[in-house]
Colleague: 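Before I ask anything, let me first share the structure, which is written out below as structure tokens.
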Amino acid sequence: MAEHTVVLIPGDGIGPEVTGAVQQIFAAAKAPIQWEVHHAGLAALESGSDEVLPRSTVEAIEKYHVALKGPCTTPVGEGFTSVNVQLRKRLNLYAAVRPVRSMPGVPTRFENVDLVIIRENTEGLYSGVENQLTDDVVMSMKIATQTACKRIAHWSFRYATLRQRKKITVLHKANIMKITDGLFIRCARDVHQHEYPNIEYDEQIIDAGCMRLVQHPERYDVLLLENLYGDVVSDLCAGLVGGLGVVPGANIGDDMAVFEAVHGSAPDIAGQGIANPLALLMSSVMLLNHLAETRNDAACAKVAGSLRKAYDGALADGEKTRDLGGDLDTEGFAQAIIARL
Ligand code: ATP
């Protein structure tokens, strides 16, 4: 069986624990993947690099085109720029995709959530242009380009078409940010009208959209958002289906993709062996499906299918970690998956 080399970035905090669990499960599933480990984040500094995002890590992803990444810690209010953000920008991974669905055996207020968040990953308030203007005044610049707004709109409609999704809803604040968010919705409207009129299209002001999301999440299909809104609404939607332990993600560009869970490095529980590896496992199932599609490899699709069946089955039988109301630790959950393969 042909093997695909995939860059593995363990990351910080719970990162090594959850990536370790995924490696163990992939080995048991005989996934046709060979890992090449590279570091990023505080782990990179600890392994002797003088950069949080070493050039060798970026070059490895450029070489192999696909990576699975654990979370990297981001200092709050000071220190270096988020490694996660740097990586998305350096590799031009402009589309963040986060499928959010109700999981069997994870009771929440809603049972029928099945939506996908698409977040523009390269600009907006994440452009990192912040200045101290005077002793009193600080500012942060929100940047939007027609190129990036059009690109993410095209990507989203193409995604919806390929996945047989019916509707795209843009959440925005163009009533206040008339120029930047105005550009974002005009680009989405334009792509819809001229190229994808068969996909249903809707625009909602984000505050009202958030209210409707927590009242009737089942009414949403694909959500398209600029960078910061996408970040916030991803966690809101995670809360609808049981939390950060069950939401996977992918950062996709034209010829590269980095798969990572939505959650962060969870320093509060790091090193205790209790982190839930499911979100990263689900992200790695997305990775296998990506390889199946882009490299036409049916073996990857087959392993992805059996992994999904295994974790759905484990959850349905109540085999889950503590964050989901179960009593398994990281290793126990990994073994529950392996036993089902
Ligand atoms: P960072 O600074 O890296 O974003 P954080 O702790 O601020 O880290 P998250 O890592 O997203 O943000 O964690 C938010 C909360 O969710 C924490 O209480 C954390 O313990 C919990 N959490 C996140 N991921 C997991 C997981 N995989 N398993 C169990 N609990 C998790």
Side-chain angles (χ1 to χ4, degrees), residues 1-49 52-73 83-84 87-88 90-91 93 248-253 255-263 265 270 273 275-308 310-311 330-331 333-335 337-338 341:
M1 203 188 315
E3 289 220 321
H4 305 273
T5 304
V6 172
V7 176
L8 181 80
I9 302 172
D12 300 322
I14 60 171
E17 296 161 59
V18 291
T19 50
V22 167
Q23 280 181 287
Q24 210 182 333
I25 294 167
F26 265 46
K30 301 197 170 39
I33 301 293
Q34 194 182 329
W35 304 107
E36 187 172 300
V37 176
H38 287 266
H39 291 290
L42 299 175
L45 302 181
E46 280 157 19
S47 71
S49 166
V52 282
L53 182 55
R55 180 193 287 259
S56 53
T57 301
V58 175
E59 284 174 354
I61 303 173
E62 285 168 340
K63 178 170 176 198
Y64 296 114
H65 302 274
V66 184
L68 181 67
K69 177 180 160 298
C72 294
T73 299
V83 175
N84 313 314
L87 193 62
R88 293 168 198 161
R90 287 266 289 273
L91 298 175
L93 306 170
N251 301 294
I252 298 183
D255 63 352
M256 276 176 277
V258 174
F259 294 79
E260 63 179 338
V262 170
H263 64 72
S265 60
N276 184 358
L278 179 56
L280 192 74
L281 180 62
M282 293 168 77
S283 308
S284 60
V285 165
M286 291 174 75
L287 182 155
L288 286 170
N289 284 324
H290 173 82
L291 291 174
E293 283 165 24
T294 55
R295 302 184 189 174
N296 205 12
D297 184 346
C300 286
K302 195 162 167 233
V303 177
S306 60
L307 286 172
R308 181 171 163 155
Y311 61 66
T330 313
E331 173 67 21
F333 184 72
Q335 290 306 331
I337 302 294
I338 289 168
L341 290 171

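What you see is a predicted model, and the numbers here were worked out from it, not measured in a lab.
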Colleague: Less than 4.5 Å apart, side chain to side chain, heavy atoms only: is that true for Leu8 and Gln23?
Modeller: yes
Colleague: List the atom of Leu307, the atom of Ala29, and the distance in Å for their closest heavy-atom pair.
Modeller: CD2-CB, 4.1 Å
Colleague: Can any side-chain N or O of Thr19 pair as donor or acceptor with the backbone N or O of Gly15 at less than 3.5 Å?
Modeller: yes
Colleague: Any side-chain to backbone donor/acceptor pair from Thr57 onto His39? Under 3.5 Å, distance only.
Modeller: yes
Colleague: Please tell me if the side chains of Arg90 and Ile61 come closer than 4.5 Å, counting only heavy atoms from C-beta onward.
Modeller: no
Colleague: What closest approach, in Å, do Ala67 and Val6 show between heavy atoms, and which atom pair accounts for it?
Modeller: CA-CG1, 4.0 Å
Colleague: How close do Glu260 and Leu280 get, counting heavy atoms only, and between which atoms?
Modeller: CA-CD1, 4.3 Å
Colleague: Taking Asp12 for its side chain and Ala43 for its backbone only, find out whether a donor-acceptor pair lies under 3.5 Å.
Modeller: yes
Colleague: Using every non-hydrogen atom in the two residues, find where Pro54 and Ser49 come nearest and quote the distance to one decimal.
Modeller: CG-OG, 3.6 Å
Colleague: Can you find a heavy atom in the side chain of Thr294 that is under 4.5 Å from one in the side chain of Asp255?
Modeller: no
Colleague: Any chance you could measure Phe259, atom CZ, to Asn289, atom CG, to the nearest 0.5 Å?
Modeller: 9.0 Å
Colleague: Kindly indicate whether the side chain of Cys72, heavy atoms from C-beta on, has any atom under 4.5 Å from the side chain of Ser265.
Modeller: no
Colleague: Between atom CD1 of Ile33 and atom OG of Ser284, what is the distance when rounded to the nearest 0.5 Å?
Modeller: 9.0 Å
Colleague: Does the side chain of Leu288 reach to within under 4.5 Å of the side chain of Phe26, using non-hydrogen atoms?
Modeller: yes
Colleague: Give me the atom names and distance for the closest heavy-atom approach of Leu93 to Gly253.
Modeller: CD2-N, 3.8 Å
Colleague: So that I know where these two stand, are Tyr64 and His4 an aromatic pair - ring centroids less than 6.0 Å apart?
Modeller: no
Colleague: Considering all heavy atoms of both residues, which atom of Val262 and which atom of Pro248 are nearest to each other, and what is their separation?
Modeller: CG2-O, 3.8 Å
Colleague: Looking at Ile9, is its backbone amide N or carbonyl O close enough to the side chain of His38 to form a donor-acceptor pair, meaning the two atoms are under 3.5 Å apart?
Modeller: no
Colleague: Got a second to check how far Arg295's CZ is from Glu293's CD, nearest 0.5 Å?
Modeller: 12.5 Å
Colleague: Between the side chain of Ser283 and the main-chain N/O of Ala279, is any donor-acceptor distance below 3.5 Å?
Modeller: yes
Colleague: Measure the CD-CD1 distance between Gln335 and Ile25 for me, rounded to the nearest 0.5 Å.
Modeller: 8.5 Å
Colleague: With a 4.5 Å cut-off on side-chain heavy atoms, are Val52 and Val83 touching?
Modeller: yes
Colleague: Report the C-alpha distance between Asn84 and Lys69 in whole Å, list the side-chain angles of each, state the deciding distance to 0.1 Å, and finish with yes or no for side chain to side chain donor-acceptor pair (under 3.5 Å).
Modeller: CA-CA 9 Å; Asn84 313 314; Lys69 177 180 160 298; 2.6 Å; yes
Colleague: State whether the side chain of Thr330 and the backbone N or O of Asn276 hold a donor-acceptor pair below 3.5 Å, judged by distance alone.
Modeller: no
Colleague: Quick check: do Glu62 and Leu91 have side-chain heavy atoms less than 4.5 Å from each other?
Modeller: yes
Colleague: Just by distance, do the side chain of Glu36 and the backbone of Val7 share a donor-acceptor pair under 3.5 Å?
Modeller: no
Colleague: For a 4.5 angstrom cut-off between non-hydrogen side-chain atoms, does Gln24 reach Glu331?
Modeller: yes
